[in-house]
Amino acid sequence: MEPLRPSDPPRIGGCRLLGRLGEGSTGLVYLARSVGGTPLALKVLHRPRRPYRGPVVHHPCLVRVVGGGTDENGTWVAYPYEPGPALPAAVAAHGPLPRRSVRALGGMLADALGALHAAGLTHGGLHPGKILLAADGPRLTDTAGPVVRGDEASDIFALGQVLVYAATGRTPYDDPADLADVPRSLLEVLQACLDPDPVLRPVARELSEELGGHQGEGWLPPALTAEIAARAQHPPAGEEHAPGPPGEPRARHPERGRYSRGYDAVGSGLVGPAAPRPGPAGPAASGTAAAGGGHTAAEPATGTPTRRGLIAIAAAGLVVAGGTAFGAWMVRRAKGTAGAPGAAGSRWTIGLHVDLSGPQARYGRGQYHGITMALEELNEHGNLPFQLELAVHDDVGDPPSAARAAAELAADPAVLMVIGPTGDAVADSAATVYQDAGLPVLSLSVGHLAHRADYPVLLHGRPGTGTTGLAIPGCLAAGEHPPARIGLVDDRTADTHSWLITRAVSGAVDRTRVALVPRVLPAGTEDFAPVTAELLAEGVDAVVYGGLPDGAARLARALRAAGWSGTAIAGEAAMDPLFLSDAGQAAEGWRFVAGHTDPASDTRAGGFAPVHRRRFGEDPEPYAAEGYDAARMVVIAMQRTLEEGESLNRANVLRRLRTLTYNGVTRPLAFDRAGDYAGTGPAAYQYEVEAGRFRFLGPAPAPTTGSDE
């Protein structure tokens, strides 16, 4: 729970406000106390679509409206404060519900829907985030929603999806639904609920009778029952999933680095299946496109924004609990469901300066996809006071083209910030243009700039090449057979990158335990047999290579031909599919350190990859998750700028970014005075070639000495 802000009123409707529980697309939620001392969740609606209606249906499983009205603070609605967890939080923490509990959940919710339907009403927005769990049954929230007549079958369809989620832990919006893990005794009834023909779905009364509609105490597994009892005894004022009113986002605990999105954070309301609409396959070479879509809760007003958005990922919340509650809207959008219109107001542009068709196109596409996902979410349900657009410029990895792309972005007054460029080769030519224009730029995949001190407008979103190189000795020492003699190959074909890697390793190695055997290869060297022979003659049991993928492949083949069986490791510049294809079987066992994570394998970003696959039809490429984090951090800086009463311009956004710490999917993002990366880690990530692919090993050990550049 957040403290109240100076702009918040002390009371609404006679209720004293105690703090902010969260803010979503439909309203701002407060923890309040009535005149008589009863705790309430009070929601002030952003854009009320109808006059307030009092409760018309009473049922034990329906969260009732206890008050409401319209005054100088706007239209508000009050509900009892429910301490139980929402269904997604329970599934995230305890796993899918047992069959008995799923049957009870379905029966009681069907009975509650039956009461609504008997009164000529429908819920119209049922999904897992609108279900709170209590010891004596579920609580269905948002029952004061729009009145819809004659659409009971859509409520049954939505209830079927909820029960699939409760039984399997999987996001239930596949079409057709994936019922592989549904217990056999539930399969037939859930198939009936999800029948494409509304006429063939059961009515609420039939479903309640089939499943059993009055279970009461003991319907949940013991661990979950104990958690609910503890919550009731100790109100969770600071929890990430602090209960708020029906279906609304909860304020996140500022120290938890977890997303609070997905079902638990948003009230979205899917009513039956939607007509498919294909999404974009990729960006044009350059241009501007409006980004729409996505459910997100607003960031708390702390100095350290935590991860949120996309993923309710984690055992607590992307923190995507194994990807189940992660990005419900994004999953639906990937299937083609049309999103609601974005926030009204002014339009601002984030520039994306990337290599989409040159030597580092993988990195460029990754950033494009991650940033697109973030902006779609924020535009759709970020409750932003502005609309976001993305201007994409492809520099094909060429310095003159990079300078032209930077000039075009800098000339557009709507562009507040640029993310990019992609590679070291173009970084200085682009940064010079951005510096002259005073346009802030956040680089994600650039490892080194030759003239870094000349670019105060540039923020470095990752540890530099030298810092990642410092992690290599720790990676080798942590292996099964720590090396005693390391061959250090500085391949001048890779110019600065190779020198930074080998210099960092040389400075970080414990010379009292490890001997170095350095070798320098002239630029253009193609025959690696001589240097291989020299290294083996010196008895090296590990080799560090500082060059590019083609050189790494030559070295790998030469070492294999010589029968060497030690450990070989290289920097990010060599970690390319070209290495795998050129080295063949000789690539097996090679290790790499890189500045980007693999969101498909990194438990910190466990829900990012499934949503990315649904959205783009492929696994995320390098720097996709980093792009997602960067875009969200930029937008938070824009929001904070406005909250502080400052105008939204390039200088103010840059100043705000320098003060933020953002705990992202990948690593905490923060910057020092010079604009270099100052987050708390990881400095690098480890990969190993296994069965012809780069396998993610996790964060590299923290460097023990040295600094970048």
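Residue numbers run from 1 in the order of the sequence given.
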Report task. Verify the distance criterion only: is there a donor paired with an acceptor across the side chains of Asp602 and Thr597 at less than 3.5 Å? Result -> yes
Query raised in the report: Salt bridge or not for Arg695 and Glu690, using N-O below 4.0 Å?
Result: yes
Query - Salt-bridge present (Arg139, Glu82; N to O < 4.0 Å) - result: yes
**Report entry** Derivation and outcome, side-chain hydrogen bond (donor to acceptor under 3.5 Å, both in side chains), residues Tyr628 and Gln367
**Finding:** CA-CA 7 Å; Tyr628 177 84; Gln367 292 174 46; over 6 Å; no
Requested in this report: Taking all heavy atoms of Ala631 and all of Ile371, pick out the closest pair and write down the distance.
Outcome: CB-CG2, 3.9 Å
Query raised in the report: Aromatic rings Phe616 and His369: how do their planes relate, parallel, tilted or perpendicular, breaks at 30° and 60°?
Result: parallel
Query raised in the report: Could you go step by step and tell me if Trp76 and Leu45 meet the side chain to side chain contact (heavy atoms under 4.5 Å, CB included) rule?
Result: CA-CA 6 Å; Trp76 57 275; Leu45 304 176; over 6 Å; no
Query raised in the report: Should Val44 and Thr75 be marked as a side chain to side chain contact (heavy atoms under 4.5 Å, CB included) after you check the CA-CA gap, both sets of side-chain angles, and the distance that decides it?
Result: CA-CA 6 Å; Val44 178; Thr75 299; over 6 Å; no
Query - Any Asp151 side-chain heavy atom under 4.5 Å of Ser154 side chain - result: yes
Query raised in the report: What heavy-atom pair brings Ala625 and Val665 nearest, and what distance separates the two atoms?
Result: CB-CG1, 4.2 Å
Requested in this report: Identify the heavy atoms of Cys193 and Gly160 that sit nearest to each other, and give their distance.
Outcome: CB-CA, 3.8 Å
Report task. Kindly compute the distance separating OH (Tyr165) from NE2 (His127), expressed to the nearest 0.5 Å. Result -> 11.5 Å
Query raised in the report: With no hydrogens and no angle check, is any side-chain donor or acceptor of Glu206 less than 3.5 Å from a backbone partner on Val203?
Result: yes
**Report entry** Contact check, side chains of Arg20 and Val29, non-hydrogen atoms, under 4.5 Å
**Finding:** no
Query raised in the report: Does Trp219 reach the side chain of Leu133, with side-chain heavy atoms less than 4.5 Å apart?
Result: yes
Query - Distance (rounded to the nearest 0.5 Å) between Leu378 CG and Met373 CE - result: 11.5 Å
Query - Interatomic spacing from CG in Leu121 to CG in Leu62 - rounded to 0.5 Å - result: 10.0 Å
Query raised in the report: Looking at CG of Leu40 and OH of Tyr30, how far apart are the two atoms once the value is rounded to the nearest 0.5 Å?
Result: 14.5 Å
Query raised in the report: Which atom pair, heavy atoms only, marks the closest approach of Leu220 to Ser101?
Result: CA-OG, 3.6 Å
Query raised in the report: Between Gln639 and Ile636, does a side chain to side chain contact (heavy atoms under 4.5 Å, CB included) hold up when you go through it step by step?
Result: CA-CA 5 Å; Gln639 290 177 293; Ile636 291 169; 4.1 Å; yes
Query - Ring centroid separation Tyr687 to His596 under 6.0 Å - result: yes
Query raised in the report: Knowing that exactly one of Arg201, His117, His123 qualifies, which makes a side-chain hydrogen bond (donor to acceptor under 3.5 Å, both in side chains) with Asp155?
Result: His117
Query raised in the report: Side chains of Leu375 and Val635: does their closest heavy-atom pair fall under 4.5 Å?
Result: yes
Query raised in the report: Do we see a donor-acceptor contact under 3.5 Å between the side chains of Tyr368 and Glu621?
Result: no
Requested in this report: Please report the closest heavy-atom contact between Leu207 and Pro202, naming both atoms and the distance.
Outcome: CD1-CG, 4.4 Å
Query raised in the report: Do Glu618 and His612 have a side chain donor and acceptor closer than 3.5 Å?
Result: no
Query raised in the report: Can you check side chain to side chain contact (heavy atoms under 4.5 Å, CB included) on Leu116 and Thr122, steps first, answer last?
Result: CA-CA 6 Å; Leu116 283 175; Thr122 60; over 6 Å; no
Query raised in the report: Under a 4.5 Å cut-off applied to non-hydrogen side-chain atoms, are Leu140 and Leu113 in contact?
Result: yes
**Report entry** Inter-residue atom distance Leu87.CG - Leu105.CG, 0.5 Å rounding
**Finding:** 6.5 Å
Report summary line: When rounded to the nearest 0.5 Å, the distance separating CG of Leu109 from CG of Leu126 is 7.0 Å
Query - Shortest non-hydrogen separation from Ala600 to Arg613 and the atoms involved - result: CB-NH1, 4.4 Å
